[in-house]
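All chains are named by letter (A, B, ...) in the order of the sequence lines, taking the proteins before the strands, and each is independently numbered beginning at 1. Just so it is clear, the values below take in all heavy atoms, side chains as well, and ignore hydrogens, waters and symmetry mates.
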There are 2 protein chains.
Amino acid sequence: MKKTSRGRRRIAMEAIENAAARQVCFSKRRAGVFKKAAELSVLCGAEIAVLAFSPSGKPFFFGHPSVDSVLAHFFSAWPAPPRPHHPLAGAPVQALGREESQLAELLEEERRRK
Amino acid sequence: MKKTSRGRRRIAMEAIENAAARQVCFSKRRAGVFKKAAELSVLCGAEIAVLAFSPSGKPFFFGHPSVDSVLAHFFSAWPAPPRPHHPLAGAPVQALGREESQLAELLEEERRRK
DNA sequence: AGGCCTATGCTTAGACC
DNA sequence: TGGTCTAAGCATAGGCC
């Protein structure tokens, strides 16, 4: 049978010009980064959050125990002036742009899972 | 000469009990995750932020173009009620706990580098 | 955008400094 | 906590679905 792949090839660590290739690379590597972050949290019980925007502007995130809690920990440093515990809490989805409402939905899903 | 290492061994994907080993694992893997995140931003020009707390509570972070900008993008979804552009901006370091002041210093350093 | 597959480059457990 | 070194486990470029 025909050899269909030459296997992994080394690529230069510079911006990928081709938009399609860049998007594919983002998808694969984003998955890799998120997996590594998840493993880190499991193995070491560490709090970690990853927020990323794809080249096309689509938001992705990961958080352990949750994005919310990590950001809260991050912000807890500041003596809270009167503001919601978390800027995302209770925000009206209809007030957001398309990209943002997706994010809000995803965050909602994450909350429900807990 | 004596063989001093048996090389990499597979480990179970579960919490590491030994505190010392857990800390070492965190250090190595944190570096790995941050490197991957950096590569992702370079290759795909993607915005990405990683916030992590070591088992000992020490904060680490990475952001491209900066932690600030990614969080700003993340929060830009919310029609800003009267609050600072970024919760971290201008916070008095002396008001923070030890861990938090370290974080503030590091964020300051990051700002200066730009 | 995410899956599958292969060949191969990269990451990292373990031991020591 | 962060380097160094070795050997072996794992991630991923490229091609196709």
With hydrophobic residues grouped by side-chain heavy-atom distances under 4.5 Å, do [X] and [Y] end up in a single group?
X	Y	value
B:Phe62	B:Phe60	yes
A:Met13	A:Ile16	yes
B:Val70	A:Phe61	yes
B:Val33	A:Leu43	no
A:Phe34	B:Ile48	yes

Figure out the [atom1]/[atom2] separation between [X] and [N], and round it to whole Å.
X	N	atom1	atom2	result
A:Arg30	D:dT12	CZ	P	12 Å
A:Asn18	D:dG14	CG	P	11 Å
A:Leu40	D:dC10	CG	P	16 Å
A:Met13	D:dT12	CE	C1'	14 Å

Checklist entry - According to the interplanar angle, ranging from 0 to 90°, do the rings of B:Phe53 and A:His73 count as parallel (below 30°), tilted (30 to 60°) or perpendicular (above 60°)? => result parallel
Show each protein N/O and nucleotides 12-14 of chain C N/O combination with a separation under 3.5 Å, one pair to a line.
residue: C:dT12; atom: OP1; partner: A:Lys36; partner atom: NZ; Å: 3.3
residue: C:dT12; atom: O4'; partner: B:Arg8; partner atom: NH1; Å: 3.2
residue: C:dA13; atom: OP1; partner: B:Arg29; partner atom: NE; Å: 2.9
residue: C:dA13; atom: OP1; partner: B:Arg29; partner atom: NH2; Å: 3.0
residue: C:dA13; atom: N3; partner: B:Arg8; partner atom: N; Å: 3.2
residue: C:dG14; atom: N7; partner: B:Lys28; partner atom: NZ; Å: 3.1
residue: C:dG14; atom: O6; partner: B:Lys28; partner atom: NZ; Å: 3.1
residue: C:dG14; atom: N2; partner: B:Ser5; partner atom: OG; Å: 2.8

